[in-house]
Participant: 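Handing you this structure, nothing more for now.
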Amino acid sequence: MGIKLIIDGTEIEAAEGQTILEASLGAGVYIPHLCYHPDLPSFKDVSPVDVCYQGLEQFHPDPLGKEYEGCGLCLVEIQDKTEPVLSCVTHVEKGMEVVTSSAQLDVLRKENLASLFSQHPHACLTCAQKEGCSLTQCSTNVPENERCCPLFDVCELRKVAEYVGIKEDITRYVPQNLYCEEDKPLFIRDYNFCVGCLRCVRACGDIVGAKALGYVVNDEKVIVGTTGPSYDDAGCRFCGVCVEVCPTGALRDKDLKPGDKKEALIPCMGNCPVGMEIPSYVTAIAQGKYDEARNIIKESVPFALSLGYICPHPCETECRRGELNQAVAICHLKRFALEADGSKNDVH
């Protein structure tokens, strides 16, 4: 039996353990959000690090030990509660009555959005001529570093902002001239577009297990960076998962082409005849979770162990790691995982 609650006057049924945001989205009721991502754990599950780097510059947490408190865009009102709550971390309860839209929520969301835009150029979003703009020449002569990020037409932050609405008196963005790394292979890391949502941090730590990215709260500001002076020092695997979940232009793939984003960012899967979840089982192997890796592999193909010996591994031809040094030995890893239980028998 599910949990019945009321959202905007309509009764819905949610699964036990779901958050209000998950239940609402599942019922087709949109609540604006940015730090939430369906494939990532809650921001509550990640803690600040002792030090993070943007290039060679070090950032340490404030002595008060503050933590990230969410983007604040998914606020909702609950009957009998005096203050709005974050729907992404508040779990559903039987009989709960939720309001997702009100004058109070509208004001609070715009305030929180304005706070995000203090860290992100946004002049294009307030421009009366933004529709159809080429984004290369500005008719109002706004400096390029005050406009918007290069992902303007597909920027997730822009889409949320257009739903929430921007305050008429929003403060003009002041360029911060933060560190930008463009000379490395695969992707661009530009901290001038980072809004501190921690998506990349959670993806790197919880999905990939690399923990190459971290954050601190310094002078009331969330600062994201690498956990070492460079991506190599931090243990980055250059897998591109952080790029896939970034909602702004802070992380951009160098070779992203029109079409399916996942296929472009994870070409090994795109070149696999069965579309096997290669990053998932390679990560599981790296973490010593051989049973999990075997299950992932066997979900895609029968006679998995035999395939580990005869597969021509076209995935390795497209492996992006080859742009750094050499391709990951995907086929050998698959065979290793399947043999790790000591059995030579294929399991369907």
Side-chain angles (χ1 to χ4, degrees), residues 37-40 154 182-189 200 202-213 230-232 234-246 251-348:
H37 188 285
D39 297 329
L40 299 177
V154 294
E182 298 182 302
D183 59 344
K184 294 293 190 294
L186 306 180
F187 59 82
I188 295 169
R189 177 46 137 165
C200 60
R202 287 175 280 160
C204 185
D206 291 271
I207 294 181
V208 180
K211 297 185 179 180
L213 298 173
S230 70
Y231 277 92
D232 288 326
C236 176
R237 298 175 187 170
F238 297 93
C239 61
V241 173
C242 57
V243 180
E244 188 176 350
V245 299
C246 180
L251 282 161
R252 308 193 300 278
D253 190 90
K254 282 189 171 182
D255 302 316
L256 188 60
K257 301 176 180 64
D260 184 81
K261 184 177 180 181
K262 185 174 183 180
E263 183 175 333
L265 290 173
I266 314 176
C268 56
M269 281 183 61
N271 215 41
C272 175
V274 297
M276 191 176 291
E277 287 283 343
I278 294 169
S280 297
Y281 78 72
V282 169
T283 297
I285 293 170
Q287 296 173 347
K289 300 176 181 177
Y290 305 133
D291 287 340
E292 182 179 326
R294 284 192 291 275
N295 290 335
I296 294 169
I297 295 167
K298 292 172 182 178
E299 284 176 359
S300 299
V301 292
F303 304 109
L305 183 56
S306 297
L307 183 64
Y309 282 96
I310 65 173
C311 177
H313 44 79
C315 53
E316 294 181 22
T317 304
E318 297 296 323
C319 177
R320 303 186 72 198
R321 185 77 193 188
E323 297 180 37
L324 296 171
N325 37 52
Q326 62 184 26
V328 174
I330 299 170
C331 192
H332 286 291
L333 285 171
K334 177 167 55 190
R335 188 164 69 237
F336 168 79
L338 292 165
E339 292 180 340
D341 62 354
S343 172
K344 290 284 185 177
N345 298 319
D346 280 317
V347 181
H348 294 258

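Since the model is a prediction, treat every value here as computed from it, not as a measurement.
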Participant: Decide side chain to side chain contact (heavy atoms under 4.5 Å, CB included) for K254 and L186; before the verdict, give the C-alpha distance in whole Å, the side-chain angles of both, and the deciding distance to 0.1 Å.
Facilitator: CA-CA 6 Å; K254 282 189 171 182; L186 306 180; over 6 Å; no
Participant: Nearest 0.5 Å, please: how far is CZ in R237 from SG in C242?
Facilitator: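 CZ of R237 is found 12.5 Å from SG of C242.
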Participant: For a quick test of reading the model, state the closest non-hydrogen atom pair linking G235 to A210 and the distance between them.
Facilitator: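 Heavy atoms of G235 and A210 come nearest at O-CB, 3.8 Å.
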Participant: I'd like to check the side-chain hydrogen bond (donor to acceptor under 3.5 Å, both in side chains) partners of K211; sequence neighbours left out, ordered by chain and number.
Facilitator: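 Counting only residues at least two positions away or on another chain, K211 forms no side-chain hydrogen bond (donor to acceptor under 3.5 Å, both in side chains).
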Participant: Considering only heavy atoms from C-beta outward, does the side chain of I207 approach that of L40 to under 4.5 Å?
Facilitator: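 They are in side-chain contact.
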Participant: Would you give the length of the straight line joining atom CD1 of I297 to atom CD of E299, rounded to the nearest 0.5 angstrom?
Facilitator: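 Interatomic distance, I297 CD1 to E299 CD, rounded to 0.5 Å: 10.5 Å.
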Participant: Which distance, rounded to the nearest 0.5 Å, do you find between the OH of Y281 and the CD of E277?
Facilitator: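 That separation rounds to 11.0 Å.
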Participant: Can you check whether C315's main-chain N or O pairs, donor with acceptor, with H313's side chain at less than 3.5 Å?
Facilitator: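 No: the side chain of H313 does not pair with the backbone of C315.
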Participant: Check whether any side-chain heavy atom of C200 sits under 4.5 Å from a side-chain heavy atom of R189, and report yes or no.
Facilitator: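 The answer is yes; the side chains approach within 4.5 Å.
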Participant: Tell me, please, which residues at least two apart from T317 pass side-chain hydrogen bond (donor to acceptor under 3.5 Å, both in side chains).
Facilitator: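 Not a single residue meets the side-chain hydrogen bond (donor to acceptor under 3.5 Å, both in side chains) criterion with T317.
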Participant: Please report the interatomic distance CG(L333) to CD1(I278), rounded to the nearest 0.5 Å.
Facilitator: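 Between atom CG of L333 and atom CD1 of I278 there are 10.5 Å.
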Participant: Looking at L338, is its backbone amide N or carbonyl O close enough to the side chain of K298 to form a donor-acceptor pair, meaning the two atoms are under 3.5 Å apart?
Facilitator: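 The answer is no, because no donor-acceptor pair under 3.5 Å joins these two groups.
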Participant: Please work out whether the ring planes of Y231 and F238 are parallel, tilted or perpendicular, with thresholds of 30° and 60°.
Facilitator: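 Judged by the thresholds at 30° and 60°, the geometry between Y231 and F238 is tilted.
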Participant: Identify the residue among D39, V208, L251 that makes a side-chain contact (heavy atoms from CB on, under 4.5 Å) with V241.
Facilitator: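 By the side-chain contact (heavy atoms from CB on, under 4.5 Å) criterion, V241 pairs with just one of D39, V208, L251: V208.
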Participant: Between I330 and C268, what is the shortest heavy-atom contact and its length?
Facilitator: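 It is CD1-CB, 4.2 Å.
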Participant: Might you work through the side chain to side chain contact (heavy atoms under 4.5 Å, CB included) test for E244 and D253, ending with a clear yes or no?
Facilitator: CA-CA 9 Å; E244 188 176 350; D253 190 90; over 6 Å; no
Participant: To the closest 0.5 Å, what do you measure between CG (N295) and NZ (K289)?
Facilitator: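 It is 12.5 Å, given to the nearest 0.5 Å.
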